[in-house]
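Everything below concerns the one structure shown next.
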2 protein chains.
Amino acid sequence: MMSTATIISQLKRSGDRLTENRLKLINILAATSQPLSVLELVKKNSSQPHKTTVYRELAFLLKNNLVEEIIFNDGIKRYEISSQHHHHLVCTNCKKISKIAAKKICHHAAAQLKKTGYIINNHSMEFFGICPKCQNK
Amino acid sequence: MMSTATIISQLKRSGDRLTENRLKLINILAATSQPLSVLELVKKNSSQPHKTTVYRELAFLLKNNLVEEIIFNDGIKRYEISSQHHHHLVCTNCKKISKIAAKKICHHAAAQLKKTGYIINNHSMEFFGICPKCQNK
DNA sequence: ATCCATGCAAATTTTTTGCATTTGT
DNA sequence: ACAAATGCAAAAAATTTGCATGGAT
């Protein structure tokens, strides 16, 4: 995962502003392992920025590849700090979202997909199940 | 993919009504290889059912496992007749959506995921790229 | 000072709900 | 006849846009 320091220096380098909202949003995203929705990002922010601002800020960070957007099967967009290629594992009981380093899985899928003749630029994979903790309840 | 005949006989067996909307919706879904959104399903229907009806009908068909719901990265829900386990390949240029028989890909992913200790009940995989036709333009 | 970011209101889009009416069996 | 399906209006939820103001450099 990109560190906040890396993100901030990248923003400085490209001449982008370091506003309070921007910095707080980055800190909140960096402080959690869970992808967060816009609503959650508003709530978690002590200075309660307007949701419009959060939407616009996320669009900015997305455009600069500093955050990634994921949509699970509830249709809500969630955001996380950019990091090495990975996928998600969601516990449908406690809702915890874990990352899965994707190398092995993707290599294999890529090989299969090559046969289609498509130039594959992107893909998403999400796995849903019950985490070990929830299995013991 | 389930045939419309199979679907209809299943509905009869379980005592569910064969309404005009229901039959038309099933026919529209069966006649295309593309997963369709609610809006598209309303437009494609010559008797122009109310969108509320389409939502409710899809919920009914979903509950009975006769259709499947997919969400791509635009966040819009799309529906298709249930069929053997598969994933989707989306051309980001012409928007065509193809099915990918998923057996080989999933076997491998499942083996990797077992190590997490989760009981995996479901997963989704979508691939995005440029189809052969669009590559030659 | 300039440009970008912000807040607010309002519009859009997708989906859901309540209720009275119609339709399938 | 009865239960389920339908249409309409309205509400809800997520997201986007316009515009005037405030803030970072």
Side-chain angles (χ1 to χ4, degrees), chain A residues 4 7-29 35-64 66-80 95, chain B residues 4 7-29 35-64 66-80 95:
Chain A
T4 64
I7 293 173
I8 290 169
S9 68
Q10 180 172 325
L11 289 171
K12 276 184 185 163
R13 210 178 319 122
S14 51
D16 290 306
R17 289 185 187 173
L18 303 176
T19 63
E20 193 192 333
N21 276 329
R22 180 162 295 164
L23 294 172
K24 272 203 177 170
L25 184 58
I26 292 165
N27 279 323
I28 291 168
L29 286 169
L36 299 174
S37 69
V38 170
L39 198 65
E40 289 166 335
L41 286 166
V42 170
K43 280 190 198 152
K44 283 210 174 207
N45 193 320
S46 54
S47 47
Q48 300 270 119
H50 199 273
K51 63 185 183 223
T52 303
T53 305
V54 175
Y55 275 107
R56 281 195 273 231
E57 192 52 43
L58 287 167
F60 167 86
L61 294 171
L62 211 47
K63 191 185 67 189
N64 289 280
L66 299 173
V67 302
E68 295 172 54
E69 183 184 80
I70 327 128
I71 302 187
F72 296 110
N73 54 13
D74 61 2
I76 293 173
K77 291 174 181 169
R78 290 183 174 78
Y79 301 86
E80 62 185 356
K95 312 300 177 195
Chain B
T4 64
I7 293 174
I8 290 169
S9 67
Q10 180 171 325
L11 289 172
K12 276 185 185 162
R13 209 177 321 123
S14 52
D16 289 306
R17 288 190 189 171
L18 302 178
T19 63
E20 193 192 333
N21 277 328
R22 180 162 295 163
L23 293 173
K24 272 205 175 165
L25 185 56
I26 292 166
N27 279 324
I28 292 169
L29 286 169
L36 299 174
S37 69
V38 168
L39 198 65
E40 289 165 335
L41 286 167
V42 170
K43 280 189 200 152
K44 283 211 171 205
N45 192 318
S46 54
S47 47
Q48 298 270 119
H50 200 272
K51 62 185 182 223
T52 303
T53 304
V54 174
Y55 275 108
R56 282 194 274 231
E57 193 51 43
L58 288 167
F60 166 86
L61 295 170
L62 210 48
K63 191 185 68 189
N64 289 280
L66 299 173
V67 302
E68 295 173 55
E69 182 185 81
I70 328 128
I71 302 187
F72 296 111
N73 54 15
D74 61 3
I76 293 174
K77 292 174 181 169
R78 289 182 175 79
Y79 301 84
E80 63 184 357
K95 311 300 177 196

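Lettering follows sequence order; numbering is per chain, from 1.
One finds a side-chain N or O of A:Tyr55 lying less than 4.0 angstrom from the OP1 or OP2 phosphate oxygen of D:dT15.
Looking at A:Asn45, its side chain never comes within 3.5 Å of a backbone N or O of A:Leu41 through a donor-acceptor pair.
Rounded to whole angstrom, the span from the CG atom of A:Leu36 across to the P atom of D:dA14 amounts to 14 Å. If you take CD1 of B:Ile76 and P of D:dT16, they are 11 Å apart, rounded to a whole angstrom. In this structure, the CG atom of A:Leu58 is 13 Å from the C1' atom of D:dA14, given to the nearest Å. We find that CZ of A:Arg56 is positioned 11 Å from P of D:dT16, with the value rounded to whole Å. The distance from atom CG of A:Leu61 to atom C1' of C:dA5 is 13 Å, rounded to the nearest whole Å. When the C1' atom of D:dT6 is taken as reference, atom CD of B:Glu57 falls 10 Å away, rounded to whole Å. Put simply, CZ on B:Phe60 is 17 Å from P on D:dA3, counting in whole angstrom units. For A:Tyr79 and D:dA14, the OH to P distance is 12 Å, given to the nearest whole Å.
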Kindly indicate, with the supporting measurements, whether the criterion side-chain contact (heavy atoms from CB on, under 4.5 Å) is fulfilled by A:Leu39 and A:Ile76. CA-CA 10 Å; A:Leu39 198 65; A:Ile76 293 173; over 6 Å; no
Residues A:Lys77, A:Leu58; criterion side-chain contact (heavy atoms from CB on, under 4.5 Å); working and verdict: CA-CA 11 Å; A:Lys77 291 174 181 169; A:Leu58 287 167; over 6 Å; no
Test side-chain contact (heavy atoms from CB on, under 4.5 Å) on B:Leu25 and B:Leu61 and set out the steps. CA-CA 10 Å; B:Leu25 185 56; B:Leu61 295 170; 4.0 Å; yes
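Within 6.0 Å of the NZ atom in B:Lys44, the count of heavy atoms belonging to other residues, nucleotides or ligands does not exceed 12.
For the contact set between residues 14-26 of chain A and DNA chain D, defined by any heavy atom under 4.0 Å, the members are A:Arg17, A:Leu18. Residues of residues 38-51 of chain A that place a heavy atom closer than 4.0 Å to DNA chain C, in numerical order, are A:Pro49, A:His50.
Atom CG in A:Asn64 sits 10.5 Å away from atom CD1 in A:Ile7 (nearest 0.5 Å). Rounded to the nearest 0.5 Å, atoms CD (B:Glu57) and NZ (B:Lys24) are 13.5 Å apart. To the nearest 0.5 Å, atom CD1 of residue A:Ile71 and atom OG of residue A:Ser37 are 12.5 Å apart. Here the OG1-CG distance, from A:Thr4 to A:Leu11, works out to 10.5 Å after rounding to the nearest 0.5 Å.
Counting only N and O atoms by type, the side chains of B:Asn21 and B:Thr19 include no donor and acceptor under 3.5 Å apart.
Note on the helix from C:dA1-D:dT25 to C:dT25-D:dA1: angle between the axes of the first and last five pairs equals 30°, rounded to 10 degrees.
Between A:Ile28 and A:Tyr79, the closest side-chain pair of non-hydrogen atoms is not below 4.5 Å.
Distances from the side chain of A:Lys77 to the nucleotides C:dC8, D:dT16, C:dT15 place D:dT16 closest.
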